[in-house]
Amino acid sequence: CGSLDFGPSDSESLASLMATYDALGEVYELLSPDDVAARFPQFKLRPGDCAVYQAAGSVVYASLAVATLYAAAEADGAAVCEHTRVGKIELGEQGAVHQVVADDGRAWRARKIVVTGGGWTNTVLKASGLRKLPLAMSNEQTTYFAPRPGSGIDHSAAAMPTFIGHYFDDTPRGFYGIPAVRGGVSGVKVAVMNEGEALSERPDPATRDFGINRRMLGLAREFADELFPGLNASVVTAIRCIYSNSPDFDFILGEHVEHSDVVVGAGFSGHGFKFGPAIGQVLADYALGTDEVLDREVHSGKFSAARFSPT
């Protein structure tokens with residue numbers, strides 16, 4: 001389906017995206033609002049906007065992707081322990097054998113521990129006597145809109161690209177979404193970035209609000225009404241989800257600053273899933289002391305938790 005990033009022509013984030021594509025040798029197209037309307041009638045850009053289209057963009061089916069990765073890990077000898085909450089890590093000296101302890105009393109011993117606990121990362125680190133990471137949890141929302149009856153516009157992944165609206169240079173809000181996909185939630189996904197209410201350090205599924213946030217719904221509807229002429233303003237459904245945000249919205253990857261035998265992957269800030277296999281390779285390099293994909297100089301500067309002041 002490809003990917004379409006659009007926003008004001010002077011957008012710093014769009015300029016940064018094109019610079020990244022250029023540095024990697026990726027092919028992309030710079031489109032005007034008229035170009036977009038002719039090629040992708042699902043969108044109606046604002047005057048003065050531009051768009052960057054990259055044909056290799058696609059949709060990842062999350063449940064299928066996770067199940068496939070689980071199966072691949074098990075085929076390589078890993079044990080997947082579902083519905084198991086880790087309470088703490090019992091750490092020895094660096095280089096020693098450490099122990100991961102679950103709430104049900106089971107334990108596993110290893111010389112390297114990789115922590116990728118999402119919204120629960122700091123709960124595990126704190127219980128293990130390690131400094132917490134500067135993570136802020138928020139309760140976000142994704143909204144799905146139905147195509148307008150009789151519009152004649154195809155909103156399927158065969159015709160419509162994934163999209164990101166880069167309107168955060170002059171306002172605090174950008175948005176993103178995906179076309180209607182077979183086997184997924186019916187409708188086109190439109191979600192506003194980082195507008196959810198703050199959550200506690202250990203988000204509790206039993207008490208977290210799963211109801212529709214009307215303010216975020218209104219923001220998503222504004223974007224849908226203005227920029228998607230073939231969508232109906234009525235909502236098919238809205239789904240809440242947890243973001244685990246770092247202060248600069250970049251990932252936190254690498255060894256914990258207080259114990260090099262603990263490797264952390266956190267702060268994915270709502271955009272980490274699509275990088276899952278690559279992040280796994282990076283964390284494996286840290287844990288195994290290898291350099292298969294890891295450029296330590298680059299990663300230690302950009303993604304290390306040491307870039308933030310202690311909390």
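All residue numbers refer to positions in the sequence shown, counting from 1.
- In terms of the side-chain hydrogen bond (donor to acceptor under 3.5 Å, both in side chains) criterion, residue partners of Ser156 (sequence neighbours excluded) are, by chain and number, Asp154.
- For His259, the ring-ring contact (aromatic ring centres under 6.0 Å, His included) partners are His98, not counting sequence neighbours.
- Annotation for Tyr21: atom OH counts as buried by contact number, over 12 foreign heavy atoms lying within 6.0 Å.
- Asn213 meets the side-chain hydrogen bond (donor to acceptor under 3.5 Å, both in side chains) test with Glu197; sequence neighbours excluded.
- In this structure, Glu93 has no side chain to side chain contact (heavy atoms under 4.5 Å, CB included) partners at least two apart in sequence or on a different chain.
- Checked against salt bridge (Lys or Arg N to Asp or Glu O under 4.0 Å), Glu226 has the following partners two or more places apart in sequence or in another chain: Arg46.
- Residues that satisfy the side chain to side chain contact (heavy atoms under 4.5 Å, CB included) test with Ala73, not counting sequence neighbours, are Ala78.
- Side-chain contact check for Asn139 and Tyr243: no donor-acceptor pair (N or O, by modelled atom type) lies under 3.5 Å.
- Asp49 and Tyr167 share a side-chain donor-acceptor pair at under 3.5 Å.
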N/O donor-acceptor pairs under 3.5 Å from side chains in residues 108-115, not counting sequence neighbours:
from, atom 1, to, atom 2, distance (Å)
Arg111, NH1, Gly95, O, 2.8
Lys112, NZ, Ser260, O, 3.3
Lys112, NZ, Asp261, OD1, 3.4

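- Under the ring-ring contact (aromatic ring centres under 6.0 Å, His included) criterion, Phe145 pairs with no residue, sequence neighbours left out.
- Contact check for Asp103 versus Thr84: no side-chain heavy atoms found under the 4.5 Å cut-off.
- In terms of the side chain to side chain contact (heavy atoms under 4.5 Å, CB included) criterion, residue partners of Arg148 (sequence neighbours excluded) are, by chain and number, Ser151.
- Between the side chains of His166 and Ser11, no donor-acceptor pair is found at a separation under 3.5 Å.
- Remark: Thr290 pairs with Asp285, Leu288, Glu292 by the side chain to side chain contact (heavy atoms under 4.5 Å, CB included) rule, at least two apart or across chains.
- With sequence neighbours excluded, the residues satisfying salt bridge (Lys or Arg N to Asp or Glu O under 4.0 Å) with Asp291 are Arg296.
- Take Phe275 and apply the ring-ring contact (aromatic ring centres under 6.0 Å, His included) test, not counting sequence neighbours, and it matches Phe251.
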